[in-house]
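Here the structure is laid out as structure tokens; the discussion comes afterwards.
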There are 2 protein chains.
Amino acid sequence: MRIILVGYGVVGQSLTRLFISRKAELAKNYGFRPRVVAVADRGGVAVNPKGLDLERILQVKAEKHTVAADTVYGHPNMRVLDVIESVEAEALVEASPTNVKDGEPALSHIKSAFKAGKHVVTSNKGPLALALPVLTELAEHNKVYFRFSGSVGAGTPILEFAKKCLYGERIVSIRGVLNGTTNYILTEMAEKHVAFNEALEKAKKLGYAEADPSMDIDGIDTACKIVILANWAMGKKVTLKDVQIKGIRNVTIKDIEDAAKNNCLVKLVGSANGKLEVKPENVPKESPLAVSGTLNAVTFTSEFAGEQTIIGRGAGGVETASAILRDLLDIKQKLAAKVWLEI
Amino acid sequence: MRIILVGYGVVGQSLTRLFISRKAELAKNYGFRPRVVAVADRGGVAVNPKGLDLERILQVKAEKHTVAADTVYGHPNMRVLDVIESVEAEALVEASPTNVKDGEPALSHIKSAFKAGKHVVTSNKGPLALALPVLTELAEHNKVYFRFSGSVGAGTPILEFAKKCLYGERIVSIRGVLNGTTNYILTEMAEKHVAFNEALEKAKKLGYAEADPSMDIDGIDTACKIVILANWAMGKKVTLKDVQIKGIRNVTIKDIEDAAKNNCLVKLVGSANGKLEVKPENVPKESPLAVSGTLNAVTFTSEFAGEQTIIGRGAGGVETASAILRDLLDIKQKLAAKVWLEI
């Protein structure tokens, strides 16, 4: 499979490392032979229609901070959209940074790939949260596959669970602790009895929170994920503007102590049933949703099988890369079945 | 799909009720039209090659305690094996009671169905725990599907999770709280500070423990499930005799109090990595495995995606029936794809 990889941060680099380290086994067990024909980052692109040497690209990135610095295959001035449109490939992996304002440039990358007949795998929540109903339709119209397992729960297969494990069930409600940063802060406040700001500073120091933590603590990241889940698992046609959002900025130690008196923990919960909502809630300590630290947890309620919860780490470059790889394998498997059908 | 249903207790009856209540929707959404051509219980069988009237069968069962009492279709003396061999059907659903001594009569039912070219769905742990490697081989040899989602976790799709959600991953270890009865007893001991026997009596009163509770409290049920998981998710060829088993009979209040001092709970944990083992273990309170009451929880550790836990109710007739239905839909879907391939 020929792949164009856009975005070469932690996730993109982890993915190419997985391609290198699992090469023999992926070919043997899944007949999967990824050939990365282009890599794009902020500095430009590297293109080789025969497949880039991934060890070399990783080294160029480490030394020169952009793949465009490759002396043979680097193109500092080539437009990413031109690469997506003109370089022959079966799939685009979109792993550029999330932007929830207008979803760009990822949104254009994805649309352009669909129009060029390329399958798309992404971990980028921006375009998904803003335009998932439209993108799903566009993928169907162009008869290509569109997968985004890594966008919710990183390596934890939350989307796959909803679709593949509950086949035959109708999911009627979703409730989740979907953001590791806020969960770390709330856990720290509860266990160490420190105020929000102090816990936030500690999270920043440990690398759990970004310099501008708004995406996480104001609930936007959680809202993006609940939008993705509602579209994927419940068939709702919703976007970020349909979510009522309240973050954790105003959660006080008193709120947390009051919750404790009722044997509860305060968690930032995203939920989808009748409406979509993100807000701090009191969750009983023995509830499967009462996970601690940076863990994520999602409870699906389905019509006949009842309530099920899936718990795992919700972040991490390698984990997200492993989700992207699972998506690529899924597409590979689907394409193989299709070839059989067409013979 | 023509179905022979063997075993007409809570699970079997729940399944026929699902067939009735979901009839229109199953046909519309999945093209699935179950036709139950035979039902067997301890008292004999009811057979109608055109499909039994399920409302009528449920009523006969309720009033006369055996389907064989049906005045038109009942056969008190017909052998179940003869029905499986001679009545035309696509699938056998084996839902007779679990027997871990020799797996019978379910083991013979399943083998006989395979030889007759019938797909099998079962929730019966006996034959699985004793002979899963052989049964898997026999199903492959006869080119039929063999599914048993309801045997672990009832309605919670634990087996599906391992196979479908972690596609592309190698599962290196499994740890689970897999028995609701023992978990209820241990939770009760910890929360109410009562001795094992007292908690057991309460479990019996509430219907969580059977009159002979040995299967549960001596760890055999958990061992069966860990055998099924190790075969299914890790490709191990193991049976019940490969598991080192220690139940919860000798767990004392002191054990539980000592665990609490270390912020742990005592749980009956089944595990598979190098070896297969069932024993009471100290589980940290904030571990996703530290579920309370009758909940089940399983943690899968996979090579690249890390640790994931799935939590849900591990028992219940309707839940188990919903797992059997999911398995039937899975087979139906696979058969449909196969027909396409053969055209």
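Protein chains get the first letters and strands the later ones, always in sequence-line order, with residue 1 at the start of each.
- Around NZ of A:Lys23, the count of heavy atoms belonging to other residues, nucleotides or ligands within 6.0 Å does not exceed 12.
- Using a 4.5 Å cut-off between heavy atoms, B:Thr156 contacts chain A through both its backbone and its side chain.
- Interatomic distance, B:Leu295 CG to A:Thr309 OG1, rounded to the nearest 0.5 Å: 8.0 Å.
- Not counting sequence neighbours, the partners of A:Glu25 by the salt bridge (Lys or Arg N to Asp or Glu O under 4.0 Å) test are A:Arg22.
- Interface residues of residues 300-308 of chain A toward chain B, defined by a heavy-atom distance below 4.5 Å and sorted by number: A:Phe304, A:Ala305, A:Glu307, A:Gln308.
- Within residues 164-177 of chain A, the residues having any heavy atom closer than 4.5 Å to a heavy atom of chain B are A:Lys164, A:Cys165, A:Leu166, A:Tyr167, A:Gly168, A:Glu169, listed by residue number.
- Heavy atoms closer than 4.5 Å to chain A are found nowhere in B:Leu325, neither backbone nor side chain.
- Each side chain to side chain donor-acceptor pair (under 3.5 Å) pair with one or both residues in residues 310-326 of chain A, not counting sequence neighbours, appears once here: A:Glu160-A:Arg326, A:Arg313-A:Glu319.
- When each of A:Ser149, A:Gly312, A:Pro288 is scored by its heavy-atom pairs under 4.5 Å with chain B, the top score falls to A:Pro288.
- Ranked by heavy-atom pairs under 4.5 Å with chain A, the first of B:Leu329, B:Leu328, B:Ile311 is B:Ile311.
- For B:Leu18, the part lying under 4.5 angstrom from a heavy atom of chain A is the side chain only.
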